[in-house]
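Below: the structure, in structure tokens.
The figures that follow rest on heavy atoms only: side chains count, while hydrogens, waters and symmetry mates do not. Starting from 1, each residue takes its place in the sequence as its number. Remember, it's 1-based here, ligands and their atoms both numbered in the order they're listed.
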Amino acid sequence: MKLIMLGPPGAGKGTQAQKICNDYNTVQISTGDILRAEVSNGTELGQKAKSYMDKGDLVPDEVILGMMEKKLFGEDAPEGYILDGFPRTVPQAVGLDELFNEHDAELDAIILMEVDREVIIERLTARRTCKNCKKVYNLLFMPPEEDGVCDECGGELIQRDDDKEETVKNRLKVYEEETAPLVDYYSGTGKLERVDSHGTPEEVYENIKEVLESL
Ligand code: AP5
């Protein structure tokens, strides 16, 4: 299964991708997670990406496409996957289509997660992530048992730099300008599936399962 999770920041793409992985024995490939790992390892790619990410802007297309070609078609590339946060611009989607054509691969569906702006801001400013195992919490909706401490590994919970309210607002603007045009781009493929992403993570997952079971 090859899926794209499409939707604004905070729609729940990462949360739902993990649920799908647990049930459907597939893997999540998150460009955001890959870039954050590059930043924390201080690699050349990470240094290049950091200034964009801190402002809530997008990392240039050629950097992302080069990185994703290796992930999706290099040695050890998985057979099925859920793309979380990629593609994010029309040139990235065109680049992905070219790679799929070159390698005779095909997408099964694009899941478009739809959610209102106020809900997004509320979710993102309350997100906390374990510094150690990267488990994601939410102070409002999925709080840890003990304040500031990961339930799984006891690690410290931190706020992502780009989850401060001003940066979240810029990310939403960037989404509207650069990523929302992908909805039109994929509408013509017959593979775009819209999913109401309000409600609890479990309710949203039920909506997604309905789509997956119809494929
Ligand atoms: P990235 O990490 O991809 O950020 P994003 O797309 O903005 O996604 P988020 O992780 O913020 O949201 P999500 O939809 O995954 O929500 P989540 O499940 O985590 O990218 C970060 C940066 O990297 C970008 O700004 C850019 O600079 C760069 N980048 C990445 N990919 C790129 C690309 N392709 N091209 C160029 N640059 C790129 O949930 C969010 C919170 O809400 C959590 O706290 C969660 O617990 C909670 N939550 C989730 N679902 C629910 C629910 N149903 N109810 C209540 N709370 C919920």
Protein contact of [atom] - nearest heavy atom, named by residue and atom, plus distance:
atom                    : result
atom 29 (N) of ligand 1 : L35 CD1, 3.5 Å
atom 32 (C) of ligand 1 : R88 CD, 3.5 Å
atom 9 (P) of ligand 1  : R127 NH1, 3.5 Å
atom 56 (N) of ligand 1 : F141 CD1, 3.4 Å
atom 49 (C) of ligand 1 : T15 OG1, 3.4 Å
atom 37 (N) of ligand 1 : V59 N, 3.0 Å
atom 47 (C) of ligand 1 : N138 ND2, 3.6 Å
atom 46 (O) of ligand 1 : M142 CE, 3.2 Å

Determine whether a donor-acceptor pair (N or O, by modelled atom type, separation under 3.5 Å) exists between the side chain of [X] and the backbone of [Y].
X    : Y    : value
D108 : L3   : no
S187 : V183 : yes
D151 : E145 : yes
R171 : D162 : yes
K131 : I158 : no
K191 : L107 : yes

If you look at every heavy atom in [X] and [Y], which pair is closest and at what distance?
X    : Y    : answer
K71  : A77  : O-CB, 3.5 Å
I4   : F86  : CG2-O, 3.9 Å
C130 : C133 : SG-N, 3.2 Å

Output the list of atoms in ligand 1 that are nearer than 4.0 Å to some heavy atom of [X], sorted by atom number.
X    : answer
G12  : 13 (P), 14 (O), 16 (O), 17 (P), 18 (O), 49 (C), 50 (N)
T31  : 30 (C), 31 (N), 32 (C), 34 (N)
G14  : 13 (P), 15 (O), 18 (O)
P201 : 51 (C), 52 (C), 53 (N), 54 (N)
V136 : 43 (C), 44 (O), 46 (O)
R36  : 2 (O), 21 (C)
G10  : 9 (P), 11 (O), 12 (O), 13 (P), 14 (O), 16 (O)
Q92  : 33 (C), 34 (N), 35 (N), 36 (C)

For ligand 1, note which part of [X] has a heavy atom under 4.0 Å away: side chain, backbone, both or neither.
X    : value
E203 : neither
K13  : both
T200 : backbone
H198 : neither
M68  : neither
D57  : backbone

Could you establish whether [X] and ligand 1 come within less than 4.0 Å of each other, counting only heavy atoms on the residue side?
X    : result
A49  : no
Y175 : no
M113 : no

Does any N/O atom on [X] come nearer than 3.5 Å to any N/O atom on ligand 1?
X    : result
A11  : yes
Q16  : no
R171 : yes

Go through E202 and K19 one step at a time and tell me if the salt bridge (charged side-chain N to carboxylate O under 4.0 Å, His left out) criterion holds. CA-CA 9 Å; E202 291 69 31; K19 288 184 181 293; 3.7 Å; yes
Between E44 and K48, does a salt bridge (charged side-chain N to carboxylate O under 4.0 Å, His left out) hold up when you go through it step by step? CA-CA 6 Å; E44 199 183 317; K48 211 182 279 180; 5.1 Å; no
Classify the ring geometry between Y81 and F100 as parallel (under 30°), tilted (30 to 60°) or perpendicular (over 60°).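 Parallel: the ring planes of Y81 and F100 meet at under 30°.
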Is atom NZ of K164 surrounded by more than 12 heavy atoms (other residues, nucleotides or ligands) closer than 6.0 Å?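 Check passes, neighbour count above 12.
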More than 12 heavy atoms from other groups under 6.0 Å of CD on E213: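 Result for CD/E213: enclosed.
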Nearest neighbour of atom 52 (C) of ligand 1 from the list R123, K19, Q18, on a heavy-atom basis: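 It is R123 that holds the nearest heavy atom.
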Linking I/L/V/M/F/W/Y whenever their side-chain heavy atoms sit closer than 4.5 Å, directly or via other members, would I29 and L58 fall into one cluster?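 Different clusters: I29 never reaches L58 through Ile, Leu, Val, Met, Phe, Trp or Tyr contacts under 4.5 Å.
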Donor on one side chain, acceptor on other, E178 and T89, under 3.5 Å: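 Their side chains do not contain a donor-acceptor pair, so the 3.5 Å distance test is not met.
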Looking at E206 and K209, is there a salt bridge between them, counting it only when a charged N and a carboxylate O are closer than 4.0 Å?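 So K209 pairs with E206 through a salt bridge.
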